[in-house]
Amino acid sequence: MLIVLFIPLFIVALILRLIKQRSPKSLDKRHVVITGGSSGIGKSAAVLAARKGANVTIIARNLEKLAAAEKEIKGACIHKDQIVTAVSVDVSNKIGIHNELNNLEEKVGPIYMLINCAGMAICGKVEDFTEQDVNTMINANYLGTLYPIQSVVPRFKDRQEGIIVLTASQVALMGMFGYSIYASCKFALRGLAESISMELKPYNISVTLALPPDTDTPGYENENKTKPTETQLISETGGLLKPEVVATKLLKDALIGKFFSFVGVESYILTTLCIGMTPYVDFLEIMVQSVLLGPLRLIGAYYLQTFHNIIQRCYLQKQKDN
Ligand SMILES: NC(=O)c1ccc[n+]([C@@H]2O[C@H](COP(=O)([O-])OP(=O)(O)OC[C@H]3O[C@@H](n4cnc5c(N)ncnc54)[C@H](OP(=O)(O)O)[C@@H]3O)[C@@H](O)[C@H]2O)c1
């Protein structure tokens, strides 16, 4: 009986999708600000934005890395008069970042897109994190995303346009051995993204939450240094993406106003399983998710069991070694 109702609804949803195809917004001559734009995913996003004709500002702390990235981004520009700016400020310094973003509006022009990419992970077991580790992660990942958003939102609202990207992680949707503090910060970003997405929709401001899987960046290399064996082994069950691939998808999804940005089948399974009350693009998406949710729970349980088996094996090995 249900299937009889479902098929016509599915066909209607498909037709509506075909009629109402969303065209991506243009970045040509627009001002795009990217925190964490001197390295990894942020730098790739900055290069791509420059290739789309945007005036690009990158924000990070280390001056040498900023200068090198600025040069690379300039090389990707397609117009002679494109402006590329590099600003050194800690994103968790609320007054500092606010003042810099104000100056940028005056010097470069109105900010149209804010991509929050600054962030970092320290791995370990929950009892081993120092107060400094915890503060560093909360500052870089949570406050360092909140403060730039708080600064640009009033101007975006006045102009009735804007795009905001928050870069979380797959561990924003599922807790993982070794990531207790980092995952907590990234879970918090989901709450922030869902809430502001609701607040900003009437103002024509879109919000995208990017959920990169393991990506081959200097940040990932650094994170590997603190990974417990269990985390390392679980990571190895997935692949390692190139930052350009993640950044390309991030920009594509943000420019069509999608809430979640993810890459790959495993990420699709995870985002569908954790879809909750997140904003949807159209009716077709809801129809597909409502059919897949049940079966995907079984696949999710299989992955979870695989991870628990790895952790149990490591536990038994340690018991044997002691
Ligand atoms: N790579 C992965 O596997 C992966 C997976 C999931 C999610 N992510 C997330 O994706 C984002 C980018 O990661 P990535 O791997 O590309 O990192 P990355 O290569 O280490 O780049 C991080 C960038 O953020 C800047 N940054 C860090 N803390 C900052 C602060 N307090 N103030 C200003 N700038 C700061 C860094 O420059 P300075 O150090 O000079 O300030 C750098 O430009 C992060 O939010 C990360 O959590 C990464």
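Atoms within a ligand are numbered from 1 in the order they appear, just like the ligands themselves. Below, each value reflects all heavy atoms present in this structure, side chains not excepted, and no hydrogens, waters or symmetry copies. Position 1 is the first residue of the sequence; numbering continues from there.
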Task: Whether Ala121 lies under 4.0 Å from ligand 1, heavy atom - done: no
Open item on the list: Tell me if the CD atom of Gln160 is crowded by more than 12 foreign heavy atoms within 6.0 Å.
Closed with: yes
- [ ] Using a strict 4.0 Å cut-off to heavy atoms of Gly219, name the atoms of ligand 1 that fall inside it.
- [x] 15 (O), 17 (O), 18 (P), 19 (O), 20 (O)
- [ ] Can you measure from OG1 (Thr130) to CD1 (Ile181) and round to the nearest 0.5 angstrom?
- [x] 10.0 Å
Task: Residue Gln132 excluded, over 12 heavy atoms near CD under 6.0 Å - done: no
Open item on the list: At under 4.0 Å between heavy atoms, is it the side chain or the backbone of Glu223 that contacts ligand 1, or both, or neither?
Closed with: neither
Task: Atoms of ligand 1 close to Lys186 [distance to a heavy atom under 4.0 angstrom, numbered from 1] - done: 45 (O), 46 (C), 47 (O)
TODO: Please report which non-hydrogen protein atom sits nearest to atom 6 (C) of ligand 1, along with the residue it belongs to and the distance in Å to one decimal place.
DONE: Pro212 O, 3.2 Å
Task: Sub-3.5 Å N/O-N/O distance, Ile59 and ligand 1 - done: no
- [ ] Give a yes or no on whether Ile95 atom CD1 has more than 12 heavy-atom contacts from other residues, nucleotides or ligands under 6.0 Å away.
- [x] no
Open item on the list: Using a 6.0 Å cut-off, check whether atom NZ of Lys25 has over 12 heavy atoms from anything other than its own residue.
Closed with: yes
Open item on the list: Determine whether Lys29 and Asn55 satisfy the following criterion, side-chain hydrogen bond (donor to acceptor under 3.5 Å, both in side chains), listing intermediate values before the conclusion.
Closed with: CA-CA 6 Å; Lys29 311 251 191 287; Asn55 294 321; over 6 Å; no
Open item on the list: Give me the residue, atom name and distance of the protein heavy atom closest to atom 34 (N) of ligand 1.
Closed with: Ala60 CA, 3.5 Å
Open item on the list: Counting non-hydrogen protein atoms only, what is the nearest one to atom 7 (C) of ligand 1? Give residue, atom name and distance.
Closed with: Ala168 O, 3.1 Å
Task: Proximal candidate to atom 48 (C) of ligand 1 [heavy atom criterion; set Asn93, Ile41, Thr215, Thr217] - done: Ile41
Task: Protein heavy atom at shortest distance from atom 27 (C) of ligand 1 - done: Arg61 NH2, 3.6 Å
TODO: Give a yes or no on whether Arg155 atom CZ has more than 12 heavy-atom contacts from other residues, nucleotides or ligands under 6.0 Å away.
DONE: yes
Task: For Asp90, the ligand 1 atoms whose distance to one of its heavy atoms is below 4.0 Å - done: 30 (C), 31 (N), 32 (N)
Open item on the list: Looking at non-hydrogen atoms alone, which of Gly42, Cys185, Gly119, Gly40 comes nearest to atom 22 (C) of ligand 1?
Closed with: Gly119
- [ ] For atom 5 (C) of ligand 1, state which one of Ser169, Pro213, Gly36 supplies the nearest heavy atom.
- [x] Pro213
Open item on the list: Using a plain distance cutoff, I'd like to know if Ser38 has any nitrogen or oxygen under 3.5 Å from a nitrogen or oxygen of ligand 1.
Closed with: yes
Task: Spacing of Ile41 atom CD1 and Ile34 atom CD1 [to the nearest 0.5 Å] - done: 12.0 Å
- [ ] Have a look at ligand 1 and work out which part of Val89, if any, has a heavy atom under 4.0 Å from it: side chain, backbone, both or neither.
- [x] backbone
Open item on the list: Nearest 0.5 Å, please: how far is CD1 in Ile58 from CD in Glu72?
Closed with: 9.5 Å
- [ ] Not counting sequence neighbours, list each pair that qualifies as a ring pair (Phe, Tyr, Trp, His ring centres under 6.0 Å) and has a residue in residues 269-322.
- [x] none
- [ ] To the nearest 0.5 angstrom, please state how far the CG atom of Leu270 sits from the CD1 atom of Ile299.
- [x] 12.5 Å
TODO: Would you check whether Ser44 reaches within less than 4.0 Å of ligand 1, judged by its heavy atoms?
DONE: no
TODO: Dump the intermediate steps for salt bridge (charged side-chain N to carboxylate O under 4.0 Å, His left out) on Lys94 and Glu100, then the final yes or no.
DONE: CA-CA 10 Å; Lys94 186 174 182 176; Glu100 292 295 350; over 6 Å; no
TODO: Would you mind running through ligand 1 and noting each atom that sits below 4.0 Å from a heavy atom of Asp214?
DONE: 3 (O)
Open item on the list: Any nitrogen or oxygen of Cys117, side chain or backbone, less than 3.5 Å from one on ligand 1?
Closed with: yes
Task: Residues in ring pair (Phe, Tyr, Trp, His ring centres under 6.0 Å) contact with Phe260, at least two apart in sequence or another chain - done: none
TODO: Can you pull out the closest protein heavy atom to atom 19 (O) of ligand 1? Residue, atom name and distance to 0.1 Å, please.
DONE: Ser39 OG, 2.6 Å
- [ ] Please verify whether a non-hydrogen atom of Ser92 lies at under 4.0 Å from ligand 1.
- [x] no
Open item on the list: Looking at ligand 1, is there an atom of it that comes within less than 4.0 Å of some heavy atom belonging to Thr35?
Closed with: no
TODO: Among all protein heavy atoms, pick the one closest to atom 32 (N) of ligand 1 and tell me residue, atom and distance.
DONE: Val91 N, 3.0 Å
Open item on the list: Quick check on contacts: which atoms of ligand 1 are under 4.0 angstrom from a heavy atom of Ala118?
Closed with: 24 (O), 26 (N), 34 (N), 35 (C), 45 (O)
TODO: Could you find the nearest protein heavy atom to atom 47 (O) of ligand 1 and give me its residue, atom name and distance?
DONE: Tyr182 OH, 2.6 Å
Task: For Leu251, the option from Thr208, Leu27, Val32 that meets side-chain contact (heavy atoms from CB on, under 4.5 Å) - done: Leu27
- [ ] Could you check atom 40 (O) of ligand 1 against the protein and tell me its nearest heavy-atom contact, residue, atom and distance included?
- [x] Asn62 N, 2.8 Å
- [ ] May I ask you to decide whether Arg30 forms a salt bridge with Glu161, counting only side-chain N to carboxylate O separations under 4.0 Å?
- [x] yes
TODO: Mind checking whether Lys65 contacts ligand 1 via backbone (N, CA, C, O), side chain (CB onward), both or neither, at a 4.0 Å heavy-atom cut-off?
DONE: side chain
TODO: In sequence, state the C-alpha distance, the side-chain angles, and the governing distance for Glu230 and Lys318, and then conclude on salt bridge (charged side-chain N to carboxylate O under 4.0 Å, His left out).
DONE: CA-CA 11 Å; Glu230 293 87 341; Lys318 273 181 208 154; 2.7 Å; yes
Open item on the list: Only heavy atoms of Thr167, strictly under 4.0 Å: list the atoms of ligand 1 that pass.
Closed with: 9 (C), 10 (O), 11 (C), 45 (O)
